[in-house]
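What follows is one structure encoded as structure tokens, with my remarks underneath.
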Amino acid sequence: MEKVKCLIIGAGPAGYTAAIYAARAGLNPLMYTGHEPGGQLMITTEVDNYPGYPEGIRGPEMMEKFKQQAERFDTEIRYEKITKVDFSGDVKKVWSETDVEIHADTVIIATGASAKWLGLESEKRLMNMGVSACAVCDGFFFKGLEVAVVGGGDTAAEEASYLSKICTKVHLIVRRDEMRASKIMQKRVMDTENIIIHWNTETDEILGESEVEGVRVYNNKTKEKTVLPVKAFFVAIGHKPNTDFLDGAMEMDDVGYLIAKPGSSKTSISGVFACGDVQDREYRQAVTAAGSGCMAALDSERYLVEKGIA
Ligand code: NDP
């Protein structure tokens with residue numbers, strides 16, 4: 001068994017920022033990265049919207065810099081998963097996949113959310129070469145071009161609206177004859193001239209070898225196939241928060257996002273804090289995740305001071 005003051009689970013912008021702040025506050029954080037350190041930014045090419053990088057930076061390079069900064073202040077990083085938790089007592093118990101038992105005074109959960117994908121082979125092959133799950137991150141690269149968005153929820157509606165301002169035409173591919181998005185978002189999409197909604201439509205294949213050259217869709221009622229001449233394909237069919245390992249140990253919403261008290265990182269368990277996409281179904285940006293990581297470290301520090309531990 002090992003004892004730490006602050007355990008951080010997850011290594012995206014939120015986790016690394018929490019580590020930098022916790023380490024500088026003398027909490028000697030221990031971080032478990034899981035199997036995909038860097039999180040969603042590792043599958044992002046150019047990051048142009050993070051302040052401080054006027055020329056932009058590649059997602060993996062940015063995450064390497066975050067990691068180096070966390071290590072500079074003596075964060076111990078382990079490239080393993082946490083598979084089990086017991087938050088019932090004052091001291092929080094967690095277990096790693098290699099069965100290391102850790103007792104922590106505070107735990108910061110920053111395990112993120114993973115974008116859902118359609119599961120097509122062509123989607124995988126053209127990932128980052130025109131296939132993306134984030135219009136705000138990648139839309140700019142397709143300025144002045146024709147693009148497609150798949151999905152019928154608020155995310156898809158928002159992404160289509162965002163893209164309609166920078167692209168010539170946005171094809172919104174909706175699998176039913178109605179959208180799940182809120183009425184106001186639906187109206188916005190329907191009132192936008194250069195958004196074309198394809199109802200009852202599903203994706204057959206994304207075309208192209210080294211970049212997206214079109215997408216073949218089919219109407220699931222008539223079975224008629226059409227090729228849309230798009231240069232980018234944005235998948236917006238939802239995200240899955242990475243909270244399975246918590247096994248219901250704390251308050252979550254209907255899809256598994258952790259619920260943090262508004263304006264803080266405090267969860268339903270005293271001493272356990274949440275930051276980044278695992279508690280944010282709305283903004284999901286690197287910069288907002290980093291900001292919430294800072295909040296989680298400051299909340300942890302305050303908690304430890306109140307308990308007389310730090
Ligand atoms: P949702 O789960 O709400 O919607 C997912 C959409 O994708 C649905 O239209 C669904 O279709 C479709 N879909 C799912 N799987 C497939 C598939 N395999 N092929 C084609 N289409 C598919 O996810 P969102 O990310 O849109 O939203 C998540 C939550 O976040 C919601 O509560 C939303 O309101 C909220 N949100 C709020 C925002 C805001 O307030 N500004 C912005 C973004 C999100 P079907 O309807 O047929 O199941």
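Quantities reported herein were computed from a predicted structural model and do not represent experimental measurements. Counting convention: from 1, in listed order, for ligands and their atoms alike.
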Of all the atoms in ligand 1, which lie at a distance below 4.0 Å from a heavy atom belonging to [X]?
| X | value |
| --- | --- |
| Glu158 | 39 (C), 41 (N), 42 (C) |
| Gly152 | 6 (C), 7 (O), 8 (C), 9 (O) |
| Gly238 | 23 (O), 25 (O) |
| Leu118 | 17 (C), 18 (N), 19 (N) |
| Arg176 | 45 (P), 46 (O), 47 (O) |

Taking Val230 as the starting point, is it possible to reach Phe142 by hopping between hydrophobic residues whose side chains are less than 4.5 Å apart?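 No, Phe142 and Val230 fall in different hydrophobic clusters.
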
Could you see if Val147 belongs to whatever hydrophobic cluster contains Leu172? Use Ile, Leu, Val, Met, Phe, Trp, Tyr and a side-chain cutoff under 4.5 Å.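 Result: yes, single cluster for both.
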
Considering residues, nucleotides and ligands other than Asn219, do more than 12 of their heavy atoms fall under 6.0 Å from its CG? yes

Name the closest protein heavy atom to [atom], giving the residue it belongs to and the distance to 0.1 Å.
| atom | result |
| --- | --- |
| atom 43 (C) of ligand 1 | Thr155 OG1, 3.4 Å |
| atom 10 (C) of ligand 1 | Arg175 NH2, 4.0 Å |
| atom 8 (C) of ligand 1 | Arg180 NE, 3.6 Å |
| atom 29 (C) of ligand 1 | Arg281 NH2, 3.1 Å |

If you measure from atom 21 (N) of ligand 1 to every heavy atom of Ile173, Asp154, Thr201, Ile237, which option wins on shortest distance? Ile237

Start with the C-alpha distance between His239 and Asp277, add both sets of side-chain angles, then the distance that settles side chain to side chain contact (heavy atoms under 4.5 Å, CB included), and finish with yes or no. CA-CA 10 Å; His239 283 76; Asp277 288 10; 5.7 Å; no

For Glu97 and Thr83, indicate whether the former's side chain and the latter's backbone hold a donor-acceptor pair under 3.5 Å. no

For ligand 1, find out whether one of its N or O atoms is nearer than 3.5 Å to an N or O atom of Gly153.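 Right, the criterion is met.
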
Nearest 0.5 Å, what's the CD1-OH distance between Ile77 and Tyr32? 12.5 Å

With a 4.0 Å heavy-atom cut-off (strictly under), which part of Glu202 contacts ligand 1: side chain, backbone, both or neither?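 It is neither part, as no heavy atom is under 4.0 Å.
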
Compute whether any side-chain donor of one residue and acceptor of the other, for Thr168 and Asn194, lie under 3.5 angstrom apart.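 Side-chain D/A pair, Thr168 to Asn194: absent.
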
Please name the pair of heavy atoms, one in Phe233 and one in Thr203, separated by the smallest distance, quoted to 0.1 Å. CZ-OG1, 3.6 Å

